[in-house]
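Indexing begins at 1, ligand by ligand and atom by atom, following the structure's order. Model, not experiment: these values are computed from the prediction.
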Amino acid sequence: MRRTLPLALCAALCASTLQAAPFDELAYYKYLHENPELSFQEEQTAATPAGTLTGAGFTVTEGVGGHGLVAMLENGEGPVLMLRADMDGLPVKEDTGLPYASTARATEMNGQEVSVMHACGHDVHMTVVTAAALELMERRDEWQGTLMVIMQPAEERGAGARDMLADGLFERFPQPDYNLSVHTIATLPAGQIGYISGWMMANVDSVDITLHGVGGHGAYPHTAKDPVVLAAAVIMDLQTLVSRSIHPAEPGVVTVGSIHAGTKHNIISDKAILELTVRSYSDEVRETLLSGIERIAVKQAEALGFPEDKKPEVVVKDEYTPALWNDPALVSRGVAAMRAELGDGVLKEIPKEMGGEDFSRYGRTDAKIPSFMIRVGTVPQPLWDKARRGEARLPSLHSAFFAPDPAPTLETGRRAITAMALDLLAAP
Ligand SMILES: [Zn+2]
Ligand SMILES: [Zn+2]
């Protein structure tokens, strides 16, 4: 469905028709927040930055890897800097009570109708990157090189970066010398920036295990092969992978998030299905965990005397997101530039996480492009103070209550990205 922009917002969004109007990042953000779209459906969302950046003089290509867009600004000899934002919302029913809360509905890939919300702050990312791009356009006498702004679809499905790369992102457009990106964080107050050098987010793998058994009557277990008992043994044995197979200083997670088997009390099922999420940083740990899962499933079935033709099936799904590495040299340069712009006390070194973000893919091509994703604090100061006193709980990302304090969040994000860009593209 194509939505028409309210007139009042046009000043903020339709730079092509109102060249003189200043960019209103708050109005732009609220418009995006109110109109979220699901992964792979970001058509209208992409039209907003496309219109604004085209109007400001960027050369915009739409439809790169789905609804992805690439906006180029060539400004003389110099490095190529990529700024990346993601665009998709989540199937969450917003419960923030904000005047600009989303009431959007959409149809999921499985046909289910759902509410949609920007519960991961991708509206913040789009606004920060658009605002920084516009500022860099305005200040183009202060830098030299090429600015490449990308708006990426389907991050929440781990597919958007892969699809944009597969559609020739670094062949049809120049290969960047540096990649910068921004993600909200729900554990820092608005006005602060979090950063990590090195590993920041994990390899994310999904694994399906199908345990085949021989079904039968619950009272005659000796005539059956019970996949529920096998599942229990497999699940307990999986707990030894992280504790016994990998170096104690290397992080890893094996979580069985779903288990399904059987129909009623007195029937032994002929099948049990387990769904796992597996997290790691290094390729070696990833390989150890994935091969260990297969080994444990197969060997436990053997140990319990399951026949050869009932061998467990272990499938590592192809919706893999690689771990995100922040290039230490780029981080220290970026942190210095942000500190010079934002002052002391704004930048916080934050702990690593085992979440996933497919921004990692751009730094993992053969070119090994140095990448850095910053985290922009979002929590309203009064809520932050209450939480510190133990009187409130902070809603996490993906929560129906996630509500960034927009003005300081957006301003800090824009200034941080702009400062790093001006430093990386400094005119000789
Ligand atoms: Zn998310
Ligand atoms: Zn996100």
Under the side chain to side chain donor-acceptor pair (under 3.5 Å) rule, what pairs show up with a residue in residues 91-104, not counting sequence neighbours? H33-E94, E94-T96

Are any non-hydrogen side-chain atoms of H67 and T45 less than 4.5 angstrom apart? no

Residue list, side chain to side chain donor-acceptor pair (under 3.5 Å) with S197, at least two apart or on another chain: none

When you check the space around the Zn ion (ligand 2), which protein N, O or S atoms turn up under 2.8 Å? C120 SG, H122 NE2, H183 NE2

H398: which N/O/S atom is nearest the Zn ion (ligand 1)? NE2

With a 3.5 Å cut-off and no angle check, do the side chains of N35 and Q44 form a donor-acceptor pair? no

Got more than 12 heavy atoms from elsewhere within 6.0 Å of CD, E108? yes

Under 3.5 Å donor-acceptor pairs involving side-chain atoms of residues 165-181, not counting sequence neighbours:
| unit_1 | atom_1 | unit_2 | atom_2 | d |
| --- | --- | --- | --- | --- |
| D167 | OD1 | R172 | NH1 | 3.3 |
| D167 | OD2 | G65 | N | 2.7 |
| D167 | OD2 | R172 | NH1 | 3.4 |
| R172 | NH1 | D167 | O | 3.0 |
| D177 | OD2 | V80 | N | 2.7 |
| N179 | ND2 | S371 | OG | 3.2 |
| S181 | OG | R84 | O | 2.8 |

